[in-house]
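Here's the structure we're looking at; comments come further down.
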Amino acid sequence: MLFLIFLAACAVAAATGHFFGPGQWYAKLNKPEWTPPNWVFPLGWAIMYPAMAIAAWRVGISGHDLVPLALALWALQLALNTLWTPIFFGLQQIFTALVAICCMWVAVLFTTGVFLTVDWLAGLLFLLYLAWASFASALNYEVWKRNSDASAEG
């Protein structure tokens, strides 16, 4: 049951991609040559979200003293993750999305550290997520740098 709760929370975060897809605005942005095709991101998240739920479940059932901190950090990173898509694609605010993803990256980093302490497999799953978030953050930065005139933020 606990796993299903974590998976449902991840599904809510994933749903933002359904409501706020890339669309024409994103297609017209100046993106670096290392930008993957659009289909890569849903595939990546289809791997990341279940891995995040499994990691949280393993930590949640561990009985470790750090479980409350670990799960609070997990919830924080997921909330920041959930905000990014509506900010970037919905509001088309590239810089604000960059701030959100940088905050998310820090939360993922701390979550990874605590998860590694509590359960090594959960920590390894989050290392994968940290790598994914690092790539996404770098891409967000490059898109902002190349398109500072493409959003209301200038």
Side-chain angles (χ1 to χ4, degrees), residues 1-29 31-32 34-62 67-116 118-144 147 150-151:
M1 182 63 171
L2 185 60
F3 171 72
L4 293 178
I5 293 169
F6 291 126
L7 191 61
C10 289
V12 169
T16 62
H18 174 73
F19 295 110
F20 303 99
Q24 289 303 311
W25 170 79
Y26 181 72
K28 293 178 184 176
L29 291 175
K31 296 179 282 295
W34 46 270
T35 302
N38 286 348
W39 63 265
V40 170
F41 290 98
L43 178 62
W45 286 117
I47 296 166
M48 287 300 111
Y49 284 126
M52 292 162 57
I54 291 166
W57 170 72
R58 288 184 60 90
V59 167
I61 64 170
S62 72
V67 168
L69 173 63
L71 295 183
L73 288 168
W74 186 87
L76 174 63
Q77 67 76 27
L78 189 63
L80 292 166
N81 175 306
T82 304
L83 287 175
W84 185 87
T85 301
I87 294 170
F88 189 90
F89 293 119
L91 298 175
Q92 300 175 358
Q93 297 296 305
I94 302 169
F95 181 75
T96 304
L98 178 60
V99 172
I101 203 168
C102 287
C103 292
M104 183 193 87
W105 187 90
V106 170
V108 171
L109 177 67
F110 283 117
T111 305
T112 302
V114 176
F115 274 28
L116 281 167
V118 173
D119 179 88
W120 68 272
L121 182 56
L124 289 178
L125 290 169
F126 255 71
L127 280 174
L128 177 65
Y129 177 31
L130 183 62
W132 179 258
S134 297
F135 175 78
S137 299
L139 183 58
N140 191 153
Y141 172 76
E142 279 297 317
V143 170
W144 168 70
N147 298 278
S151 71

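As the structure is a computational prediction, the values presented were derived from the model and not from experiment.
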Original post:
Who passes side chain to side chain contact (heavy atoms under 4.5 Å, CB included) against Leu98, sequence neighbours left out?
Top reply: Phe95, Ile101, Cys102, Asn140, Tyr141, Trp144
Subject >> Inter-residue atom distance Lys28.NZ - Gln24.CD, 0.5 Å rounding >> reply: 6.0 Å
**OP:** Kindly indicate, with the supporting measurements, whether the criterion side chain to side chain contact (heavy atoms under 4.5 Å, CB included) is fulfilled by Leu69 and Phe110.
**Re:** CA-CA 10 Å; Leu69 173 63; Phe110 283 117; over 6 Å; no
Original post:
side chain to side chain contact (heavy atoms under 4.5 Å, CB included) with Ala55: which residues, sequence neighbours excluded?
Top reply: Phe115, Ala122, Leu125, Phe126
Original post:
Looking at CG of Leu121 and OG of Ser62, how far apart are the two atoms once the value is rounded to the nearest 0.5 Å?
Top reply: 12.5 Å
Original post:
With sequence neighbours left out, what residues match Pro86 under side chain to side chain contact (heavy atoms under 4.5 Å, CB included)?
Top reply: Thr16, Phe20
Original post:
Tell me, which pairs form a salt bridge (charged side-chain N to carboxylate O under 4.0 Å, His left out) where one or both residues lie in residues 125-140, sequence neighbours left out?
Top reply: none
Original post:
Is the closest side-chain heavy-atom distance between Phe6 and Leu78 below 4.5 Å?
Top reply: no
Subject >> CA sep, side-chain torsions, deciding dist, call: Thr96, Val99, side chain to side chain contact (heavy atoms under 4.5 Å, CB included) >> reply: CA-CA 5 Å; Thr96 304; Val99 172; 5.5 Å; no
Subject >> Shortest non-hydrogen contact from Val114 toward Leu73 >> reply: CG2-CD1, 3.7 Å
**OP:** Please step through side chain to side chain contact (heavy atoms under 4.5 Å, CB included) for the pair Phe89 and Trp25, ending with a clear verdict.
**Re:** CA-CA 8 Å; Phe89 293 119; Trp25 170 79; 4.2 Å; yes
Original post:
In chain order, what residues pass the side chain to side chain contact (heavy atoms under 4.5 Å, CB included) check against Trp39, with sequence neighbours excluded?
Top reply: Pro37, Leu43
Original post:
Would one find more than 12 heavy atoms of other residues, nucleotides or ligands at under 6.0 Å from atom CH2 of Trp57?
Top reply: no
**OP:** Sort and list the pairs that fulfil side-chain hydrogen bond (donor to acceptor under 3.5 Å, both in side chains) and have at least one residue in residues 120-131, not counting sequence neighbours.
**Re:** Gln77-Tyr129, Asn81-Tyr129
Original post:
With sequence neighbours left out, what residues match Ser134 under side-chain hydrogen bond (donor to acceptor under 3.5 Å, both in side chains)?
Top reply: Trp105
**OP:** Supply the atom-to-atom distance Glu142 CD to Leu29 CG, rounded to the nearest 0.5 angstrom.
**Re:** 13.0 Å
**OP:** For Lys31 and Leu139, indicate whether the former's side chain and the latter's backbone hold a donor-acceptor pair under 3.5 Å.
**Re:** no
**OP:** Enter the distance from Thr82:OG1 to Ile87:CD1 here, rounded to the nearest 0.5 Å.
**Re:** 10.5 Å
**OP:** Report yes if some heavy atom in the side chain of Trp132 is under 4.5 Å from a heavy atom in the side chain of Trp45; otherwise report no.
**Re:** yes
Subject >> Heavy atoms of other groups near Phe41 CZ, more than 12 under 6.0 Å >> reply: yes
Original post:
Can you list every salt bridge (charged side-chain N to carboxylate O under 4.0 Å, His left out) pair that touches residues 119-130, not counting sequence neighbours?
Top reply: Arg58-Asp119
